[in-house]
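Each chain gets a letter, A, B and so on, in the order its sequence line appears, and its residues count up from 1. Excluded from the calculations below are hydrogen atoms, water molecules and symmetry mates; all remaining heavy atoms, backbone and side chain alike, are included.
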Amino acid sequence: MATQSAEDGSAGTIQLLRQNIPPRYYVGFVAFLVLAALPLGLSTVKILTMTAALYFAMFVVSWDFVSGYTGQVSFGHTLFFGVGGYTAALLNLEFGLSPVLTVIAGVLLTTVAGLMVGFPALRLHGHYLALITLLPPLVLIRFFSLYRSTFGGETGLPNPDNLIEVQGDFAATALVNYYLGLVVFAAIFLIAFVITRSDHGITYTAIQENEDAVSSVGINPAKFKLFAFVMSAALAGFAGAMFVHTPIGSASPSQLLELTVMIEILIAAILGGVGTISGAAVGAVFIYLARDYIRGIDTVVPILDMPVTRMDTFLFYVLMLGMLFFLPGGLLPKLTVFGRKIHARVTGGSPKAVTDGGYQQPAFVRQIEAYRTRILEALAALLRRDSK
Amino acid sequence: MMSHTSTMAVMDAESSDGSQRNQPLLDVQNLTKKFGGLVAVNDLSFQVDEGEILGFIGPNGAGKSTTFNCLTGKHKPTEGTVTFRGEEVTSKPPHEMVNKGMARTFQHFAPLYDRSVLENVALAYTSGKVFSWSGLFSLSTITGTTYDAAAEICARVGLQDDLHRMPGELPHAGLIRLELGRALATDPKLMLVDEVFAGLASGEVEEISNLLLELHAEGMTLIVIDHNMSGLFELIDRAIVINFGEMIAKGTPEEIKNDPEVQKAYLGGEEL
């Protein structure tokens, strides 16, 4: 293979790329193992928190799938969590349907909702699209408070049955539901990850760059945009419906529908890295746990003379503002670049530097390499001068 | 209807003078496009035979790009019909026109700035189907072989040394080559080339001209828009000239040059 690439540059490089699974995939696998082992060392309360964090991560992944890739930025993805969650909860509470059936119904109804928003969204861009997507969940909240006896109004519906219940043992129920959440998370993550790494993902990002270019090679952008939107809605609805059947989740505006939920999703996705899926998942877990951590601090803030617990939301938003300011590209893309540098140093440079026609590092990596060389040279010069 | 389809693949430039064919590759009849009260294209009819290079000339704002947009499905014509390869294709959406064999370049370049030159061209090799195993659930179908095909296209338009550059790093002429490359990757029968010579230095005009002539020699049919005639006359077999959305002249470059209407349209403007 190595000798072949000398003559036939690009074909050989592709094989080379294919045989080299990027190290970050292993990191992801280890992270999943850590999530699986986590409950061993956690209290029941913490396990419940982690469960909620996983579902939050599913919401963010579903948002990133459409908005991060096709560039159709949705400000109302909470609609789909809401439709999925409320459908499942109501069918279970009112008609006694088993959670398995209510989840299926929830996914189907969210798919319909996805089509209803996705179709008009095809023709809309920018501010208009933002507003059109922003309003439906707010409409839903108002509607639910008008018909409070059915939908529970601002407080939401009582807890429906758990999908899996260990009779008389809350700790065991929490534990089982954590693993169920982990499996659902893995499923949603893998669906989103694999699709975005296939031709679909290539087409989505091309649509975000330039729709004319996409249709000019014979691909119908509208078809792909609609598919991405509906798929994302279905994933979101699935997560929402499963969530209400856990001990920690319920069909309430504060957990599924409110604007603050949407804002946290946006922050998590942007911090994790938009258009990466993996970044969305990491960002979500990070944000959720950070939020939870801040909420639990009893210390009194010196100058403001107020306990952190009382101003947790304030502090959280200020912290997020700071992070968005200093990490505008997102945490994970930054870590990936950093990781590549480490990897390159450990393995003694990249084997992919081939002459004409062969693979070259992407421009930004080359740029970073150039900076790195320059800094190292400057350092070396300094050291030389010092030693004199 | 499409009896000569099979011969298209093996034809060459010499045998395709068009006279022996009874059916033009592209037949435009009474094309009219109105934007509100503005008539951008008025009752335009013309044919393009297989294997020719047609010049599509007119001053700025004459309606050339609007005509292209109507042919390629970006705009719906107000009136008139477009027949391509014996099939009526009026108002078909852009991606369908491309799949039927009509490719175009954009006057305002439309590269994907987020990926390399090679990956720009390789987009044409993605599956394009929403529901297909390879499109959805396999890792990208852009594999070694299609990358090779894309690299070949890049070499054909003179981008062989820029495969891994980003479009933002390319000079103006490079972006034109990329536009041509992306169009070529769809394996078109007819290429609509929009204002490629604008903003090029004279040496570059010749290079791009030669590139179009090479494509022509390989059997490609071309329609080339330009508002400036001088660069085009070396290249084209035949031209039509439009002004204010209407055809004012057609014929060989010689005939166009001596046409009084054309001289009037360009009087005081640009020289011939």
Side-chain angles (χ1 to χ4, degrees), chain A residues 4-5 8-18 21 71 190-191 193-228 230-231 275 352 354 356-367, chain B residues 72-74 93-100 103-106 108-116 118-145 147-148 150-151 155 160-161 163-166 168-169 179 182-183 185-186:
Chain A
Q4 193 191 348
S5 71
D8 191 6
S10 48
T13 328
I14 301 305
Q15 277 184 337
L16 225 161
L17 280 174
R18 224 187 265 155
I21 296 172
L190 278 178
I191 291 173
F193 192 83
V194 170
I195 294 179
T196 50
R197 265 69 181 173
S198 72
D199 282 3
H200 264 248
I202 291 171
T203 312
Y204 295 167
T205 48
I207 287 170
Q208 176 163 16
E209 271 296 311
N210 197 319
E211 271 186 52
D212 277 342
V214 174
S215 45
S216 82
V217 294
I219 300 170
N220 184 359
K223 232 169 47 172
F224 280 86
K225 279 164 80 178
L226 189 64
F227 177 85
V230 175
M231 186 73 195
K352 291 162 192 164
V354 187
D356 297 344
Y359 180 85
Q360 237 182 327
Q361 300 275 21
F364 76 100
V365 177
R366 273 185 277 147
Q367 192 59 49
Chain B
T72 55
K74 181 151 182 158
H95 61 95
E96 275 187 42
M97 293 309 301
V98 174
N99 292 331
K100 288 178 189 301
R104 73 168 297 173
T105 68
F106 291 96
H108 303 289
F109 306 133
L112 306 166
Y113 284 106
D114 66 339
R115 59 198 77 190
S116 69
L118 185 65
E119 286 166 314
N120 262 270
V121 175
L123 181 67
Y125 297 102
T126 57
S127 95
K129 290 200 182 87
V130 169
F131 295 104
S132 71
W133 183 259
S134 64
L136 262 177
F137 292 114
S138 68
L139 287 179
S140 164
T141 58
I142 300 187
T143 56
T145 40
Y147 264 124
D148 288 348
Q160 61 277 3
D161 296 330
L163 295 184
H164 303 288
R165 284 234 173 93
M166 303 302 264
E169 300 175 86
E179 283 288 320
R182 197 182 51 211
T186 67

Walk me through it: do A/H200 and B/T126 pass the test side chain to side chain contact (heavy atoms under 4.5 Å, CB included)?
CA-CA 8 Å; A/H200 264 248; B/T126 57; over 6 Å; no

B/P94 portion near chain A, given a 4.5 angstrom heavy-atom threshold:
both

Which bit of B/K129 is near chain A, if near means a heavy-atom gap under 4.5 Å: side chain, backbone, both or neither?
backbone

Part of A/T205 within contact of chain B (heavy atom distance under 4.5 Å)
both

Of the backbone (N, CA, C, O) and the side chain (C-beta and beyond), which part of A/F224 lies under 4.5 Å from a heavy atom of chain B, both, or neither?
both

Minimum heavy-atom distance between [X] and [Y], given as atom pair plus value:
| X | Y | result |
| --- | --- | --- |
| B/N99 | A/G218 | ND2-O, 3.0 Å |
| A/S216 | B/R182 | OG-NE, 3.3 Å |
| A/A213 | B/L112 | CB-CD2, 3.9 Å |

Measure the CG-CZ distance between A/D212 and B/R104 for me, rounded to the nearest 0.5 Å.
7.5 Å

Between the OH atom in B/Y113 and the CG atom in A/N210, the distance rounded to the nearest 0.5 Å is 8.5 Å

For each of B/G128, B/A155, B/A185, tally heavy-atom pairs with chain A at distances under 4.5 Å, and name the one with the top tally.
B/G128

Is there a side chain to side chain contact (heavy atoms under 4.5 Å, CB included) between B/L123 and A/I202? Walk through the geometry before answering.
CA-CA 8 Å; B/L123 181 67; A/I202 291 171; 3.8 Å; yes

